[in-house]
Amino acid sequence: MADNSKQANGNLDDHALYYHTYPKPGKLEIQATKPLGNQRDLALAYSPGVAAPCLEIADDPQKAADYTARSNLVAVISNGTAVLGLGAIGPLASKPVMEGKAVLFKKFAGIDVFDIEVDETNADKFVDAVSVLEPTFGGINLEDIKAPECFQIEKRLREKMNIPVFHDDQHGTAIIVAAAVRNGLELAGKDISQVKIVASGAGAAALACLNLLVSLGAKPENIWVTDIHGVVYEGRPELMDEWKAVFAQKTDKRTLSQVIEGADVFVGLSAAGVLKSEMVAKMAKKPLLMALANPTPEIMPEEALKVRDDVMMCTGRSDFPNQVNNVLCFPYIFRGALDCGATSINEEMKLAAVEAIAALAREEPTDVVAKAYGGVTRTFGPDYLIPSPFDNRLILRIAPAVAKAAMETGVATRPITDFDAYMDRLNRFVFRSGLVMKPIIQQAKTETKSVIYADGEDERVLRAAQVVLEDKLAQPILIGRPDVIERRCERFGLKIRPGKDFEFVNPQDDPRYREYVDTLFTLVGRNGVTPEAARTMVRTNSTVIGALAVQRGEADALITGLEGRFDKHLRDIANIIGKQEDVTNFATLSLLINSSGAFFLADTYVNENPCSDEITEITKKAAIQIKRFGITPRVALLSHSNFGSRSTPGTMKMREALENLWQQCPSLEVEGEMHGDAALKMDILKRYMPQARLQGPANLLVFPCLDAANIALNLIKAMTSALHVGPILLGAAKPAHILTPSVTTRGIVNMTALSAVDAQSRER
């Protein structure tokens with residue numbers, strides 16, 4: 001066993017070294033956020049342009065938040081004296097850890113970080129070195145500094161600096177522990193002011209946990225602390241300091257075993273194996289064990305459960321439930337503090353984070369959480385006291401709570417005046433489609449429409465249905481067996497139920513079955529479909545059922561395509577719902593959202609080699625759809641030819657389509673035939689065509705054939721991590737959309753809103 005473990009660690013070490021080396025050493029780089037493409041850009045970025053913002057900031061230091069990156073910049077600072085269980089390995093060796101912390105800040109909260117490793121162990125000199133950095137940063141995150149110096153350093157820096165100073169090893173751990181204790185005691189039916197708490201370990205993190213629990217209502221006289229020298233008692237001569245002495249008890253008990261009896265909560269931040277099974281057996285009913293030593297906890301969960309089946313456990317490990325991971329809070333606490341210009345992170349802000357984290361664990365989990373746990377959905381209970389670190393709602397709960405607490409306690413220098421707008425901004429960070437989809441989402445809420453989902457038993461649809469109901473985007477109708485839907489809702493921790501919160505169509509037993517068969521046969525009976533085949537289709541083909549519901553007016557829109565081939569779903573929609581009267585053929589429009597903005601691509605799924613008239617029609621339909629997003633369409637007809645540089649059948653049809661569009665839609669900004677770079681870069685476009693009709697980079701890219709469009713769609717998705725909304729089906733007589741098997745829950749929600757707006761506009 002030991003050999004296997006050693007081999008596994010060796011493999012991990014090799015992978016880690018490779019990961020940190022390639023494609024370039026380290027985990028960070030600096031990127032410019034402003035263009036530097038010409039002499040004017042250079043003059044604005046440096047001299048003489050920088051003079052104006054410099055003078056503004058000299059007159060009013062608060063203007064630094066407007067003209068520089070300071071308000072979104074945090075320093076992660078360490079002297080390497082207590083690194084991640086590795087000990088005092090020094091500042092240079094700690095740099096990979098600090099870079100890792102920086103990556104987490106950026107990934108989870110969009111905060112930029114400089115990691116700073118200070119070669120200084122003297123607390124006074126360390127404070128002097130860090131405090132003079134205040135003009136550079138909006139906040140300081142202290143990391144991996146040993147106790148008791150970490151207490152002195154943080155206290156003095158907070159006194160000297162007018163920006164948040166946060167020692168994450170202390171307070172990050174304390175906040176997560178406090179949230180877990182808050183929920184664990186609720187499940188156990190216990191009052192925090194009455195419970196007995198026993199701690200193993202008296203370092204920075206352990207003492208911070210105990211202090212925060214006192215702020216939550218725990219009584220110091222009910223808290224017992226043990227360390228390497230045993231119980232912390234009044235008059236103990238060994239290894240005592242002013243922070244530990246706060247919890248010294250007047251007692252003759254000297255060991256953990258002696259004080260653990262009757263304990264309700266165990267907080268372990270010490271060493272592997274210090275909590276024995278016989279000690280757990282002596283604890284109170286429904287004990288909460290916070291065994292947080294890494295990599296091996298004070299007691300393994302299976303050992304504790306052997307002697308007590310009522311144990312609730314948290315560890316620091318990802319392979320057990322209830323992982324106490326600081327990434328649950330530190331990015332979002334800084335996000336809220338930076339956004340309101342907080343001068344410190346005070347006790348009230350920490351308690352606000354505790355309550356936000358605890359409350360989120362009691363909410364229904366999302367599909368993101370389920371994926372983080374290998375598809376297993378965990379709901380609030382002994383195995384789910386705290387949220388998953390990958391729950392994308394953490395920033396939406398913690399950052400606003402922290403900002404509000406900062407404002408209420410008077411430490412916010414830039415109070416947030418519009419929390420709705422602030423929440424919109426956070427939502428756009430979490431769901432990159434937020435800004436683009438906002439007008440569609442708002443419009444969908446104005447008039448409730450019913451949307452039927454062909455894949456009603458799919459987990460993504462069930463989760464989307466709950467969001468749709470909560471956000472009042474539409475009234476969902478699910479096609480599926482109600483008993484299966486109900487069981488899956490329970491398994492996934494969803495509160496919605498068929499027949500109560502939403503309608504359903506049961507393919508195996510629906511009273512409208514015969515009517516659906518008659519309707520279908522009327523529509524396709526002369527297309528080679530026999531009555532028996534019609535009966536089979538209504539029993540087995542959920543796209544057919546959904547299309548019939550829309551055609552009969554029992555639903556306003558259809559969403560399908562999570563399983564099966566696109567062309568088969570399109571055939572069913574064409575046969576039952578049909579095309580709009582003025583449409584030659586169906587087409588699709590795909591929306592891609594990346595860091596550069598929103599781009600629409602047509603036609604990505606239907607027409608193999610459209611003619612010039614079909615390209616004209618596709619472009620017109622796509623432009624109408626784009627306007628629903630509140631976006632002015634700017635169209636580029638793409639080709640391997642650039643404004644007549646080549647003459648092939650493909651380029652000629654794009655030229656003909658351009659002439660058609662100029663005649664039929666004179667107000668539409670459209671150019672072509674052109675290369676892709678000319679469509680997206682105005683300097684390239686003007687070089688080739690100074691009189692181009694595009695007033696800005698194109699946002700609707702129209703391709704000459706299906707191969708080009710679909711290849712481009714998937715390449716852009718893969719190369720830029722772009723978010724795909726769609727495909728949006730154009731040309732159907734009634735709203736119907738065929739998604740792809742890779743669609744996410746959020747993608748279904750977005751398309752639901754779009755379907756509802758489509759239905760509203762057609763009704764008008």
Side-chain angles (χ1 to χ4, degrees), residues 437 439-456 458 460-462 464-480 485 496 498-507 510-512 515-516 519-520 523 538 541-562 569-570 572-583 586 588-589 621 624-625 627-629 725-739 743 747-764:
M437 289 301 300
I440 300 293
I441 298 287
Q442 293 300 113
Q443 181 60 38
K445 293 179 179 181
T446 63
E447 182 184 353
T448 302
K449 292 297 180 183
S450 59
V451 177
I452 190 165
Y453 301 84
D455 304 285
D458 190 283
R460 293 165 292 176
V461 169
L462 294 173
Q466 177 152 307
V467 175
V468 166
L469 284 165
E470 289 176 349
D471 292 353
K472 298 180 173 58
L473 299 179
Q475 184 58 46
I477 303 170
L478 273 58
I479 300 173
I485 292 173
I496 57 173
K500 177 184 176 184
D501 300 296
F502 57 86
E503 298 178 42
F504 61 88
V505 177
N506 183 357
D510 191 279
R512 296 164 292 186
E515 297 175 23
Y516 275 35
T519 302
L520 178 60
L523 293 169
V538 175
N541 190 323
S542 59
T543 299
V544 167
I545 297 170
L548 286 168
V550 172
Q551 183 64 21
R552 288 162 53 87
E554 295 166 359
D556 296 309
L558 165 66
I559 289 180
T560 186
L562 275 71
H569 294 298
L570 183 59
D572 294 330
I573 290 171
N575 287 337
I576 298 168
I577 294 176
K579 297 190 293 286
Q580 291 173 294
E581 291 182 2
D582 59 341
V583 168
F586 295 99
T588 54
L589 179 68
K621 289 291 182 185
I624 292 170
Q625 188 67 252
K627 289 178 182 177
R628 289 181 180 156
F629 289 85
V725 178
I728 303 164
L729 186 63
L730 305 175
K734 295 184 178 182
H737 297 286
I738 306 164
L739 308 187
V743 71
I748 297 170
V749 172
N750 286 335
M751 289 304 298
T752 299
L754 191 64
S755 299
V757 172
D758 195 357
Q760 291 173 4
S761 65
R762 292 176 191 241
E763 190 174 86
R764 287 192 294 270

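All heavy atoms count here, side chains included; hydrogens, waters and symmetry mates do not.
- Rounded to the nearest 0.5 Å, atoms CG (Leu739) and CD1 (Ile559) are 5.5 Å apart.
- Put simply, the side chain of Ile452 reaches to within 4.5 Å of the side chain of Ile479, judged on heavy atoms.
- Of all the heavy atoms in Leu754 and Gln625, the pair that sits closest is CD1-OE1, 3.7 Å.
- To the nearest 0.5 angstrom, Leu548 atom CG is 4.5 Å from Ile576 atom CD1.
- Here the closest heavy-atom approach between residue Arg460 and residue Val743 is recorded as NH1-O, 2.9 Å.
- Between the CG atom of Asp458 and the OH atom of Tyr453 there is a distance of 12.0 Å, given to the nearest 0.5 Å.
- Among pairs with a residue in residues 470-479, those fulfilling salt bridge (Lys or Arg N to Asp or Glu O under 4.0 Å) read Glu470-Lys495, at least two apart in sequence or across chains.
- Of all the heavy atoms in Ala756 and Ala444, the pair that sits closest is CB-CB, 4.1 Å.
- Rounding to the nearest 0.5 Å gives a distance of 12.0 Å between CD of Gln443 and CG of Leu473.
- Residues satisfying the side-chain hydrogen bond (donor to acceptor under 3.5 Å, both in side chains) test with Asp758, not counting sequence neighbours, are Arg628, Arg762.
- Of the possible donor and acceptor atoms, one in the side chain of Ser450 sits under 3.5 Å from a partner among the backbone N and O of Asp556.
- Proximity of Met751 to Ile728: side-chain heavy atoms (C-beta onward) are separated by under 4.5 Å at one or more points.
- Inter-residue side-chain proximity for Leu478 and Ile485 is flagged as met; some heavy-atom pair is nearer than 4.5 Å.
- In this structure, Asn750 contributes its side chain and Val725 its backbone to no donor-acceptor pair below 3.5 Å.
- Counting all heavy atoms, side chain and backbone alike, Phe504 lies closest to Pro498 at CD2-CB, 3.8 Å.
- Taking 4.5 Å as the limit, some side-chain heavy atom of Asp582 sits within range of a side-chain heavy atom of Lys621.
- Put simply, the side chain of Glu554 does not reach to within 4.5 Å of the side chain of Glu503, judged on heavy atoms.
- Between atom NZ of residue Lys449 and atom OG of residue Ser755 there is a gap of 12.5 Å, rounded to the nearest 0.5 Å.
- Nearest heavy atoms, Ile441 versus Ala753: CD1-CB, 3.7 Å.
- Within the 4.5 Å cutoff, side-chain heavy atoms of Thr446 are placed close to those of Gln760.
- In this structure, CG on Leu729 lies 6.0 Å from CZ on Phe586, to the nearest 0.5 angstrom.
- In this structure, Ile738 and Pro727 have side chains that are not in contact, with every pair of non-hydrogen atoms separated by 4.5 Å or more.
- A 4.5 Å side-chain heavy-atom check between Leu558 and His737 finds every atom pair outside the cut-off.
- In plain terms, the two heavy atoms of Asn541 and Asp572 that are nearest each other are ND2-OD2, 3.1 Å.
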